[in-house]
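So that the names make sense, note that chain A is the first sequence line, chain B the second, and so on, each numbered from 1. Because the structure is predicted, anything quoted here is derived from the model rather than measured.
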There are 2 protein chains.
Amino acid sequence: QPDSTDHQPDRHRSTTLTDAEVEDLERWWRAANYLSVGQIYLRDNPLLREPLAPEHVKARLLGHWGTTPGLNFVYAHLNRAIVERDQAMLFVTGPGHGGPANVANAYLEGTYSEVYTRFGDNEDSLRRLFRQFSYPGGVPSHAAPETPGSISEGGELGYSLAHAFGAAFDNPDVVVACVVGDGEAETGPLAASWQSTAFLDPVHDGAVLPILHLNGYKIANPTVLARRPESQLRAYFEGMGWAPRFVAADDGEDHAAAHRAFASALAECLDAIRGIQDRARSGEGRGPGDSAEPWPLIVLRSPKGWTGPPEVDGVPVEGTWRAHQVPLSGIHEEPGHLAQLEAWLRSYRPEELFAHDGGRSPELVRLAPRGDLRMSASPHANGGRLLRDLTLPDARAHLQAVEAPGVVRAGAMGVLGEWLREVVRANPETFRLFGPDETASNRLQAVYAATDKVWQERIEGVDEHLARAGRVMEVLSEHLCQGWLEGYLLSGRHGVLNSYEAFVHIVDSMFNQHAKWLKVHRELPWRLPVASLTYLLSSHVWQQDHNGFSHQDPGFIDHVVNKKAEVVRVYLPVDANTLVCTMDHCLRSRDYVNVVVAGKAPALQWLGPQEAREHCARGIGVWDFAGSEVAGEEPDVVLGCAGDVPTGEAVAAAQLLRRDLPGLRVRVVNAVDLMRLQDPREHPHGLPDAEFDALFTVDRPIVFAYHGYPWLIHRLTYRRTNHGNLHVRGYIEEGTTTTPFDMCLRNRIDRYHLAMDVIDRVPGLGPRHASLRQRYADAAFRARDYTRRHGEDPAEVSGWTLGD
Amino acid sequence: QPDSTDHQPDRHRSTTLTDAEVEDLERWWRAANYLSVGQIYLRDNPLLREPLAPEHVKARLLGHWGTTPGLNFVYAHLNRAIVERDQAMLFVTGPGHGGPANVANAYLEGTYSEVYTRFGDNEDSLRRLFRQFSYPGGVPSHAAPETPGSISEGGELGYSLAHAFGAAFDNPDVVVACVVGDGEAETGPLAASWQSTAFLDPVHDGAVLPILHLNGYKIANPTVLARRPESQLRAYFEGMGWAPRFVAADDGEDHAAAHRAFASALAECLDAIRGIQDRARSGEGRGPGDSAEPWPLIVLRSPKGWTGPPEVDGVPVEGTWRAHQVPLSGIHEEPGHLAQLEAWLRSYRPEELFAHDGGRSPELVRLAPRGDLRMSASPHANGGRLLRDLTLPDARAHLQAVEAPGVVRAGAMGVLGEWLREVVRANPETFRLFGPDETASNRLQAVYAATDKVWQERIEGVDEHLARAGRVMEVLSEHLCQGWLEGYLLSGRHGVLNSYEAFVHIVDSMFNQHAKWLKVHRELPWRLPVASLTYLLSSHVWQQDHNGFSHQDPGFIDHVVNKKAEVVRVYLPVDANTLVCTMDHCLRSRDYVNVVVAGKAPALQWLGPQEAREHCARGIGVWDFAGSEVAGEEPDVVLGCAGDVPTGEAVAAAQLLRRDLPGLRVRVVNAVDLMRLQDPREHPHGLPDAEFDALFTVDRPIVFAYHGYPWLIHRLTYRRTNHGNLHVRGYIEEGTTTTPFDMCLRNRIDRYHLAMDVIDRVPGLGPRHASLRQRYADAAFRARDYTRRHGEDPAEVSGWTLGD
Ligand SMILES: Cc1ncc(C[n+]2csc(CCOP(=O)(O)OP(=O)(O)O)c2C)c(N)n1
Ligand SMILES: Cc1ncc(C[n+]2csc(CCOP(=O)(O)OP(=O)(O)O)c2C)c(N)n1
Ligand SMILES: [Mg+2]
Ligand SMILES: [Mg+2]
């Protein structure tokens with residue numbers, strides 16, 4: 001239960017600022033703007049001690065000015081509120097291309113020099129701060145991992161608000177301020193994110209305060225929201241559970257009025273948040289039929305490129321889309337532009353802001369919050385600082401006895417659900433399960449014995465497992481699930497995203513951005529390790545019942561393995577026990593993206609508890625029980641497999657061959673950890689060549705049955721000695737609504753085709769066993785035919801066990 | 001100008017239905033529901049001539065009942081309106097898992113038997129219609145390409161409304177009715193789609209009538225919108241430019257009241273649409289400062305699984321999430337369930353709906369619209385029927401003279417923009433350019449000399465190229481761009497999507513679904529070819545100025561090539577002329593997805609007009625001007641390249657080697673058509689082995705500089721004879737905001753590393769040329785160092801030409 005005793009609900013703040021308060025806000029804003037323009041333009045003369053000369057200006061002028069002054073304006077006000085209220089806040093910037101703002105504020109707060117100790121508080125540091133921005137070997141232009149206080153890069157627009165909510169969950173004392181670009185607001189993920197209010201619990205969660213940055217433009221166009229009348233905007237937000245407050249600063253000139261309007265809106269919002277939380281936390285709670293209270297939100301209408309050059313070469317710039325990037329260019333060519341740049345920089349009066357040595361003036365320093373309350377120093381933005389290990393239930397207690405391999409059926413996801421239920425029980429505040437309305441469909445419903453699905457809207461009698469608080473987050477938006485989870489992880493907690501395998505492609509680009517974030521994060525010593533993002537993908541390509549071709553796509557793995565090898569891990573458990581062991585491993589890991597693909601339908605169980613743990617520890621291994629090797633001799637053929645359904649087919653094929661070609665020595669190799677296949681120079685999990693060659697031989701044919709697109713196995717193994725003999729079966733994009741075995745047949749990954757592949761590839765077998773091959777072909781035909789006549793798979797397949 | 005003379009604006013329809021009219025609607029609805037339940041359950045006894053027995057019921061019960069009766073209800077009403085008004089309509093179903101509804105209605109309209117002539121209008125046809133649904137060898141469960149009248153599969157939820165808008169653009173006489181699931185409405189793409197009103201021109205475009213299907217639930221949860229008070233819903237939609245009308249049919253019992261309420265809402269909406277169009281088309285037009293009129297929208301509140309079993313085994317089903325899939329299962333085990341199923345089926349009174357031979361009763365047939373007005377037969381849903389070739393300007397008039405290769409610089413996208421401007425001019429009603437606010441950023445701004453960007457919100461003096469009508473669609477949502485374009489193409493028009501290369505991953509999953517659609521569409525003779533979907537990707541991985549790591553991702557190509565080879569094409573033009581030739585080819589193609597990646601920055605031009613046309617026709621070829629071969633002899637090494645920046649580096653490397661190792665015979669091979677590299681058994685564009693071996697030799701080292709992730713080249717070529725000697729350089733996920741050449745250096749694809757690779761790989765060179773190798777290493781170091789000191793690339797690189 002969050003502690004709600006130590007705040008003063010009726011502590012009241014003046015909403016009309018004194019002139020001195022306005023002056024303070026203006027001072028911070030001027031300083032941050034000055035440092036931002038300096039980053040974009042200057043390579044020298046950082047304090048304008050000399051008249052600005054062309055050689056002080058960078059050769060390549062890069063960066064996005066347009067959004068930056070607005071971010072700085074908001075930051076100044078948030079700082080004031082933090083100091084006044086001792087309120088822990090986090091700053092998420094949708095238009096992360098305003099990176100100079102984040103750096104400027106971190107520098108002004110002193111955090112920058114604490115994190116990057118090569119910087120101090122002096123002129124030389126300013127010079128280097130300016131120079132490094134968007135500079136080779138320097139820092140990127142966005143609110144990147146390198147930026148203290150950031151958990152959202154904001155390069156690919158649309159995710160800020162979801163990240164903000166993720167950070168707010170289970171953080172009852174934090175207010176996450178989230179600046180949303182008005183262009184960003186046109187994106188799908190952002191448009192969906194407004195509905196997150198339906199999932200934020202005012203008792204146990206913190207709050208999100210969105211600030212819609214209505215600067216009117218995106219890159220080259222006005223924005224939809226900026227051109228709609230205020231009444232329409234109000235309606236839109238009220239419709240999504242928000243109570244908007246409008247701050248009109250669009251004339252741009254009257255800074256004092258703008259400060260006063262924003263400060264009072266902010267104070268009202270923070271009071272309103274506190275009010276909602278107080279009422280919710282007072283213990284009465286809302287009845288199931290009650291609607292949620294609307295959360296406050298600020299719409300800040302201000303000119304794009306505020307305080308920048310109003311006109312350049314006779315055309316308006318400030319307040320137009322032309323302010324988006326570098327509003328004044330050609331500085332080295334146009335003396336007029338140089339003069340205009342100098343005037344612009346001097347308009348912030350740097351001489352008042354920085355002392356003689358270039359250090360921040362005491363009047364500035366005084367304005368910053370202290371210690372961890374500085375948003376650039378918030379531990380919530382460097383989640384590793386707060387991360388605690390999960391308390392994990394002993395996986396062994398959940399592993400199933402397996403008397404003999406391939407005899408008993410169980411649903412792997414169902415068994416995992418029971419283990420996850422215990423994970424939830426043991427970690428009631430630091431673990432959540434996210435999914436797009438598929439948690440039960442993916443057979444994880446056992447978790448509902450321990451927790452509920454979070455829901456702040458009306459709850460009706462017919463509903464099950466819905467509650468105001470809980471560990472399961474279900475919304476029909478893969479984008480929201482992913483964005484929330486990223487925010488939750490980066491602020492130091494743990495979670496899993498479960499999804500249909502095919503539709504996880506919806507978040508391909510979000511995965512990209514997160515993997516890129518992790519890659520850089522890992523290179524930064526001050527960013528401490530965070531929990532891995534684990535995808536648990538089920539309802540996979542081989543296991544559709546009600547759905548067809550659109551639901552059949554195993555390509556997420558291909559997408560994932562293009563990212564930095566240190567960051568990505570891919571697992572294909574074959575049964576319940578290997579799934580539980582795999583997930584146990586994933587939930588202990590840090591700074592990775594784990595992809596786990598697992599079946600939900602009842603399927604044959606292969607490995608007992610001990611075997612499963614050993615197999616998962618190895619990641620790959622020979623399955624003696626399935627093969628027909630002679631100890632100490634090389635096999636005639638290797639049947640490789642990865643993925644639950646292909647593995648079953650491979651084992652069944654080996655059984656056919658054992659029966660029909662008793663002299664043939666077949667080795668069955670299963671890979672649970674897909675990256676074991678890759679060259680160790682490419683992936684840390686890659687098997688050394690000697691080991692790979694031992695498993696797969698250097699010259700025998702390999703027939704490999706793979707869960708996904710077959711080419712991936714070639715891409716992973718092309719450097720291996722025996723690659724020339726590798727023949728891969730996989731999903732070749734032949735699907736529809738049909739039976740499970742018909743799916744195998746269509747893609748030629750079924751036992752009969754695998755057995756035929758062996759006959760075709762083992763030297764000498766083909767000519768001698770033409771009639772056996774024909775029997776397999778006929779068996780495949782008969783099975784297909786049976787599905788056409790009966791609408792289900794023949795019992796010899798659907799009921800097949802290794803005991804047969 | 002659309003013709004607006006032949007309608008009667010004041011023709012008035014009674015909004016209160018007579019009992020006979022209610023009876024007609026109810027009849028159609030009963031029939032469609034009966035056929036839907038039949039598809040889900042029955043394998044025999046299709047007209048219930050006998051008591052229902054277990055053997056009449058399918059073995060596997062598949063499908064989604066929950067959404068289906070609502071779809072049928074809406075369909076019945078739309079049909080009535082079509083007949084009454086002679087209004088061309090299209091039917092798009094967001095919850096495409098209600099596929100049985102689409103099939104049922106197409107059958108009732110007679111379209112099904114026209115398209116699939118193995119079906120007639122009799123009992124046996126009904127039996128086969130039922131049996132084939134979700135059955136091996138039958139039809140899929142969704143509103144798939146196989147479904148007459150569909151342009152949206154609706155498997156992956158979220159795209160219906162964008163598809164509907166795409167179909168409405170430039171279709172002034174059509175109303176696209178779009179059923180949006182209340183669960184679907186939670187997705188990002190759908191949430192963003194509401195703002196499409198800001199881009200629909202009432203003069204030249206048709207209308208979209210969304211019907212929010214508020215059946216309360218998704219798979220296992222209530223929906224956010226269904227649990228919010230009506231006032232909030234109203235506000236939400238008004239905020240997005242819509243005028244919602246609410247139809248409450250949630251008690252479910254009083255069908256007549258539901259029909260009356262829906263019919264009058266529909267009539268009001270269609271009248272309102274006509275009113276908006278009339279006012280807009282009357283010639284006065286709106287002033288730039290005027291807001292757009294809100295468009296009508298229906299919110300239909302009805303029970304999920306309406307008319308299905310109210311309770312099963314004592315728990316409520318109708319009106320709850322339990323109705324989502326198959327509400328009654330275990331028919332073969334539970335006699336009570338069998339009886340319940342029979343009662344449910346009989347509740348539709350099939351004996352009144354079908355004649356003795358099983359044919360549709362005359363009372364049903366009478367209700368269907370005629371000919372192409374049947375939504376299942378609409379030519380707009382089989383766009384190939386309407387497709388006209390584009391009038392393409394002669395590409396040759398736009399190709400640039402190139403005196404010598406690699407001497408002149410030009411921006412490829414800028415030159416293409418001029419050709420696209422002429423495409424726009426020549427095709428003012430059938431071609432559109434879609435992009436997420438990046439058309440000018442991607443340097444295509446020349447098109448604005450011929451057209452404008454569509455914008456229905458306020459237009460201000462400062463705006464440029466915004467107008468109520470135009471050919472360019474810009475919205476900050478890749479999802480909307482893609483969805484609109486898909487709808488536009490599938491309804492028989494042409495278009496191009498331009499995007500930053502990295503962010504096109506946002507629509508990975510939408511691409512998947514479109515590629516799957518095309519794969520199946522191509523197998524259906526009655527679906528006529530449609531224009532290809534062409535992606536024009538720029539601001540690519542090697543060409544970032546203002547942005548960094550988040551904007552560097554060439555993996556879309558990898559994603560695309562997993563789809564069926566017949567459907568996908570990938571082009572990497574090297575300069576302006578090859579880009580224009582490639583796009584000219586793409587805009588003539590049908591039924592493909594084309595991916596074209598091209599640079600926007602000024603870059604060296606390699607091929608003159610004739611050479612470019614020949615090179616593009618071949619797709620791959622030797623660049624004699626770049627290599628140092630001796631005619632008639634084998635080269636010592638092949639430098640392969642694909643992509644503009646890697647090609648420049650490869651040519652520069654060849655030049656270094658020519659200078660420093662005059663005896664070395666280097667062949668330079670460039671691939672513009674990436675799929676030429678693949679095995680011809682895998683891709684129709686694949687080079688025959690003999691040709692590949694001739695180009696790349698069978699035994700010489702190949703150093704390949706590739707635009708994207710290097711592994712893709714291995715995946716494409718692993719079967720080639722000389723694959724063992726292939727060494728690929730590409731993007732290895734090392735990026736940040738930096739100079740162009742520093743990007744090459746970081747990923748070791750620069751000229752110096754390529755030259756070192758050659759020394760390392762040509763047998764014998766390494767030991768003899770250790771000091772030359774060292775000179776290259778030092779040159780790379782110096783170049784890197786220069787960027788650190790000057791913030792830009794050294795002139796010897798940035799200003800390098802082949803003439804040097
Ligand atoms: C998903 C995505 N699509 C396109 C872009 C390219 N882009 C960069 S900035 C920008 C405009 C952003 O406008 P807005 O959100 O209003 O930010 P601001 O005006 O504050 O700069 C666009 C379209 C992007 N970064 N992300
Ligand atoms: C993007 C996506 N995520 C998840 C699913 C899985 N899914 C299938 S149906 C469904 C619920 C749909 O609810 P709704 O849109 O309300 O349709 P209806 O209630 O009419 O069936 C879900 C989540 C999906 N099809 N697409
Ligand atoms: Mg903006
Ligand atoms: Mg629904």
Side-chain angles (χ1 to χ4, degrees), chain A residues 58-60 62 134-137 140-141 153 155 183 186-189 191-192 195 198 218-221 224 227 232 235-236 238-239 320 437 440 457-458 462 474 476-477 479 503 505-506 508-509 516 546 548-550 555 562 564 709 711 714-715 718 733 736-739 742 787-788 791-792, chain B residues 58-60 62 134-137 140-141 153 155-156 183 186-189 191-192 195 198 218-221 224 227 232 235-236 238-239 320 437 440 457-458 462 474 476-477 479 505-506 508-509 516 546 548-550 555 562 564 709 711 714-715 718 733 736-739 742 787-788 791-792:
Chain A
K58 298 185 184 185
R60 296 171 80 223
L62 301 178
S134 282
Y135 199 85
S141 50
E153 203 252 9
E186 292 174 16
T187 67
Q195 71 189 317
K218 31 198 202 250
I219 297 184
N221 286 289
V224 172
R227 291 291 169 89
Q232 241 185 301
Y236 178 58
E238 287 178 355
T320 81
D437 189 28
E457 303 297 327
R458 246 176 27 240
V462 71
E474 295 222 299
L476 210 178
S477 166
H479 292 111
F503 298 158
H505 276 296
I506 290 172
D508 272 7
S509 64
K516 284 171 181 282
H546 300 272
F549 195 33
S550 59
N562 272 341
K564 270 291 165 190
Y709 294 104
W711 310 284
H714 290 291
R715 170 205 182 299
Y718 68 87
E733 200 68 14
T736 184
T737 321
T738 190
T739 67
D742 190 41
T787 65
R788 301 302 182 270
E792 58 186 346
Chain B
K58 298 184 184 188
R60 296 171 80 222
L62 302 178
S134 283
Y135 199 85
S141 51
E153 204 252 8
E156 186 172 289
E186 292 175 15
T187 66
Q195 70 189 318
K218 32 198 201 249
I219 297 184
N221 286 289
V224 172
R227 290 291 169 90
Q232 240 184 302
Y236 178 59
E238 287 178 355
T320 81
D437 189 27
E457 303 296 327
R458 244 176 29 239
V462 72
E474 296 222 298
L476 211 177
S477 166
H479 292 111
H505 276 297
I506 291 173
D508 272 6
S509 65
K516 283 172 182 282
H546 300 272
F549 195 33
S550 58
N562 272 342
K564 270 290 166 188
Y709 294 105
W711 310 284
H714 290 291
R715 169 205 184 299
Y718 68 86
E733 200 68 16
T736 184
T737 320
T738 190
T739 67
D742 190 43
T787 65
R788 302 300 183 270
E792 59 185 345

Inset, instruction - Measure B:Asp742 against the heavy atoms of chain A and call it side chain, backbone, both or neither at under 4.5 Å. - result: side chain
Inset, instruction - Identify the heavy atoms of B:Ser477 and A:Gly188 that sit nearest to each other, and give their distance. - result: OG-N, 4.2 Å
Inset, instruction - Just give me the residue among B:Ile506, B:Thr187, B:Asn562 that pairs up with chain A most often, heavy atom to heavy atom, under 4.5 Å. - result: B:Asn562
Legend entry - For A:Asp508, salt bridge (Lys or Arg N to Asp or Glu O under 4.0 Å) partners two or more places apart: none
Legend entry - For chain A, the option from B:Lys564, B:His505, B:Gln232, B:His546 that forms the most heavy-atom pairs under 4.5 Å: B:His546
Legend entry - Steps toward side-chain contact (heavy atoms from CB on, under 4.5 Å) verdict (B:Lys516, A:Glu733): CA-CA 8 Å; B:Lys516 283 172 182 282; A:Glu733 200 68 14; 2.9 Å; yes
Inset, instruction - Quick one: which of B:Ala192, B:Pro189, B:Ser509 has the most heavy-atom pairs under 4.5 Å with chain A, could you say? - result: B:Ser509
Legend entry - Atom of B:Arg60, atom of A:Thr738 and distance for their closest heavy-atom approach: NH1-O, 3.4 Å
Inset, instruction - Mind ranking A:Glu474, A:Arg788, A:Lys58 by heavy-atom pairs under 4.5 Å with chain B and telling me who comes out on top? - result: A:Arg788
Legend entry - Stepwise side-chain contact (heavy atoms from CB on, under 4.5 Å) test for A:Arg458 and B:Arg227: CA-CA 6 Å; A:Arg458 246 176 27 240; B:Arg227 290 291 169 90; 3.7 Å; yes
Legend entry - Heavy-atom pairs under 4.5 Å with chain A, option from B:Ala198, B:Gly155, B:Ala59, B:Gly239 with the top count: B:Gly239
Inset, instruction - Identify the heavy atoms of B:Pro136 and A:Gly791 that sit nearest to each other, and give their distance. - result: CD-CA, 3.9 Å
Legend entry - Part of B:Glu156 lying under 4.5 Å from any heavy atom of chain A: both
Inset, instruction - Hey, can you tell me if A:His479 and B:His479 have their rings parallel, tilted or perpendicular (30° and 60° cut-offs)? - result: perpendicular
Legend entry - Part of B:Phe549 within contact of chain A (heavy atom distance under 4.5 Å): both
Legend entry - Which portion of B:Thr320 sits near chain A, non-hydrogen atoms under 4.5 angstrom: side chain
Inset, instruction - Could you look at A:Tyr709 and say if it's the side chain, the backbone, both or neither that has a heavy atom under 4.5 Å from chain B? - result: side chain
Inset, instruction - Could you look at B:Lys218 and say if it's the side chain, the backbone, both or neither that has a heavy atom under 4.5 Å from chain A? - result: both
Inset, instruction - Can you see which heavy atom on A:Gly548 is nearest to which on B:Ser141, and at what distance? - result: N-OG, 4.1 Å
Legend entry - Minimum-distance pair of heavy atoms, taken over all atoms of B:Thr787 and A:Tyr135: O-CE2, 3.7 Å
Legend entry - Any donor-acceptor pair under 3.5 Å from A:Asn221 side chain to B:Asp437 backbone: no
Inset, instruction - Count the heavy-atom pairs under 4.5 Å between each of A:Ser550, A:Gly137, A:Ala220, A:Ala191 and chain B, then report the option with the highest count. - result: A:Ser550
Legend entry - Heavy-atom proximity to chain B below 4.5 Å, by part of A:Glu153: side chain
Inset, instruction - Tell me, for B:Thr736 versus chain A, whether the close heavy atoms (under 4.5 Å) come from the side chain, the backbone, both or neither. - result: side chain
